[in-house]
Amino acid sequence: MSNLDLSEQELIRRNSLQKLREMGIDPYPANEFKINTSTKQILEQYDPETNNFQDVTMAGRLMNQRIMGKASFAELQDESGKIQLYVNRDEICPGEDKSLYNDVFKKLLDIGDIIGITGYVFITQMGETSVHVKTMTLLSKSLRPLPVVKEKDGALFDAFTDPEQRYRQRYLDLIVNPQVREVFVKRTRIINNMREFFNEKGYLEVETPILQPIPGGAAARPFITHHNALNIPLYLRIANELYLKRLIVGGFEGVYEFAKDFRNEGMDRTHNPEFTVMEIYVAYKDYNWMMEMTEEMIERIALALHGTTEVTVGDKVIDFKRPFKRITMTDSIKEFTGIDILGKDEAELRAACKEIGVEVDETMGKGKIIDEIFGEKCEGHYIQPTFILDYPVEMSPLCKKHRDNPDLTERFELMVNGKELCNAYSELNDPIDQLGRFQDQLKLSEKGDNEAMFIDMDFVRSLEYGMPPTSGMGIGIDRLAMLMTNSSSIQDVLLFPQMKPEKRTEEDSAEMFEALGIPTVWVEVLRKMNYRKITQLKEVKASKLFNDLCGFNKKNQLGLPNPSMDEVTKWLN
RNA sequence: GACUCCGUAGCUCAGCUGGUAGAGCAGUUGACUCUUAAUCAACGGGUCGAGGGUUCGAGCCCCUCCGGGGUCACCA
């Protein structure tokens, strides 16, 4: 990037950088800077009676400077928060040379610079706990101005709120919006809590392939890629279910994985193309057992994060206290539509849909139709955590048939705030049944359902060796994080949500300009004058361009030797 | 994918019926030894998202495109 592309403030900062170097100050020193405390520790533990913290060393970002002649206040922000600094000229410059204060601190340091300080803690006349600075070291110079967010009594002024900039430049969001950092700390605590919960029970955390030759375990459109050496297509996983169950076949009795899954589908407030799912499989258990474990786990997370089971989400309060409500899908549909789906065939269900105004199309099988009715008429009603049980067999090809009714499966989903959060089964371990269900999926696929599952013959083979009765559960970590942090968009719980790439304004390359015989320095000048493309250049008269160039050179004090009129004419021919 | 709103200085935003681009903060220079959205004075800072059109004249009106938000649709 040429200097001509920089804003005034960036130029000033680069200039300061140069001056610091001339003064013998390395703006990016290599050595370790050993801190002995943090802002949070001081603010929580400083006691004027005992006068502790009399020899502190800390580091962070300079966020504000209030200069009053020979004394100044500033703010230092580290990971744990902000603390006020008091800087006195004659104390950081005890000798004759006052340049560290007058030049470096007052002029050459900027908001956003990373500094280290030593000093002692005291309380100002206004009653604010502060650090009296004795020495100050520049640790890293910041060349771009930060968004300036001011705060008074908890109210923010000029907050950095543009979602596009916040997501694209998350580092800025994290620097100036401390509440954002809190969301991601909570997200990690959710995951840590879950991991501890499973490890306490002796389950094994495992890793399974993300690149899969057959994208199984769910119905979704995968991303496809290609492996050169094997010369085969590979898919980014849409689920890890089939691999985890192979591990149960292999003899592990409890396995789980925090998995990044990828689905090549639409993006909105609750969908990102890559997302995190925790799946767990435990041998010799059924879905009743899994329901209890799920509610225990979620209650524990709510308590760990909020100290209570009640969590505010938007304008609602959701109570994660055990036990959660339970209702079968059949009863739920009966309750909200009056229709009894039990024993109805596909044609009857289609007729029922017409009656209650649920749209269905030709490609949908019985399972999808029922799913459509539930999604349309029931799902949204479940704000408080509710287990929906016993889904129709057609929509659950990996789930064991219900012990009391072969039309149903032993499956539950946990609904919270009108959305699916968990999905769990008594896993299907009858290999012959499993193959049959896969073949049914194939028929759906032929009918036009582009989400029907692929057949994974190795998975069927593994079941043929025998898988113990097993219950499995998957939970969407992003959606759980949204609930637990009261975030209305998935982008707010992903550090780097997927965005369309930024596009630079179209311009011809420097080489193309230089090919016309234009010296490199003048190419930069032309760009600054908004001649981005050769075609633009060809449209102006040589005399005008000549005048403009010389004028620009003079006005901006570039100090370049002006080109001659002849030279300019040659460029344009 | 449809509809809708938005894109103006480093940040947050004004900009009337089309008539020479504004404010606060940030920045620069100066004043100031306990301030805290520090204060006071002066000054600088803009391809108005991009391209085209209408017009004597476009930040504003029209079209296309780019990026983003929201709503809906799709989505195990």
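Below, read A as the first sequence line, B as the second, and so on, with proteins coming before strands; counting in each chain starts at 1.
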Exercise for review: Ignoring hydrogens and angles, answer whether the base of B:rC11 and the side-chain atoms of A:D162 contain a donor-acceptor pair closer than 3.5 Å.
Suggested key: no

Exercise for review: Look up atom CD1 in A:I111 and atom CD in A:E75, then write down how far apart they are to the nearest 0.5 Å.
Suggested key: 9.5 Å

Point to revise | Intra- and interstrand pairs of RNA chain B - dot-bracket, Watson-Crick/G-U under 3.5 Å, | marks other strand | key: (((((((..((((.....[..)))).(((((.......))))).....(((((..]....))))))))))))....

Exercise for review: Assess A:R411 against A:Y391: is NZ or CZ under 6.0 Å from the centre of the six-membered ring, and within 45 degrees of the ring's axis?
Suggested key: yes

Study note, to complete from the structure: Of A:D153 and A:T161, the one whose nearest nucleotide on RNA chain B sits closer to the 5' end is A:T161

Check your understanding: If you measure from the Lys or Arg side-chain nitrogens to the Asp or Glu carboxylate oxygens, is any gap between A:R237 and A:E257 under 4.0 Å?
Key -> yes

Point to revise | Distance, C1' atom - from B:rC3 to B:rU8, rounded to whole angstrom | key: 26 Å

Practice item. Report yes if a donor N or O on one partner sits less than 3.5 Å from an acceptor N or O on the other, where the partners are the side chain of A:Q9 and the base of B:rA26; otherwise report no. Key: yes

Check your understanding: Which distance, rounded to the nearest 0.5 Å, do you find between the CD of A:Q491 and the OG1 of A:T270?
Key -> 11.0 Å

Practice item. Using only heavy-atom distances, determine whether the side chains of A:Y120 and A:N51 contain a donor-acceptor pair under 3.5 Å. Key: no

Practice item. Check whether any side-chain nitrogen or oxygen of A:K82 sits under 4.0 Å from OP1 or OP2 of B:rU36, and answer yes or no. Key: no

Check your understanding: Would you say the side chain of A:E8 and the base of B:rG27 hold a donor-acceptor pair, judged only by whether the two atoms sit under 3.5 Å apart?
Key -> no

Validation: residues 63-73 of chain A side-chain donor-acceptor distances under 3.5 Å, sequence neighbours left out:
residue : atom : partner : partner atom : Å
A:Q65   : NE2  : A:F105  : O            : 2.7
A:R66   : NH2  : A:Q84   : OE1          : 2.6
A:S72   : OG   : A:Y101  : OH           : 2.7

Practice item. Rounded to the nearest angstrom, tell me the gap between atom OH in A:Y86 and atom C1' in B:rC32. Key: 12 Å

Revision key, fill the gap. Between CE of A:M499 and C1' of B:rG49 the distance, given in whole Å, is 15 Å

Check your understanding: For the side chain of A:Q84 and the base of B:rU35, is some donor closer than 3.5 Å to an acceptor across the two?
Key -> yes

Check your understanding: On a whole-Å scale, what distance lies between the P atoms belonging to B:rC40 and B:rG57?
Key -> 45 Å

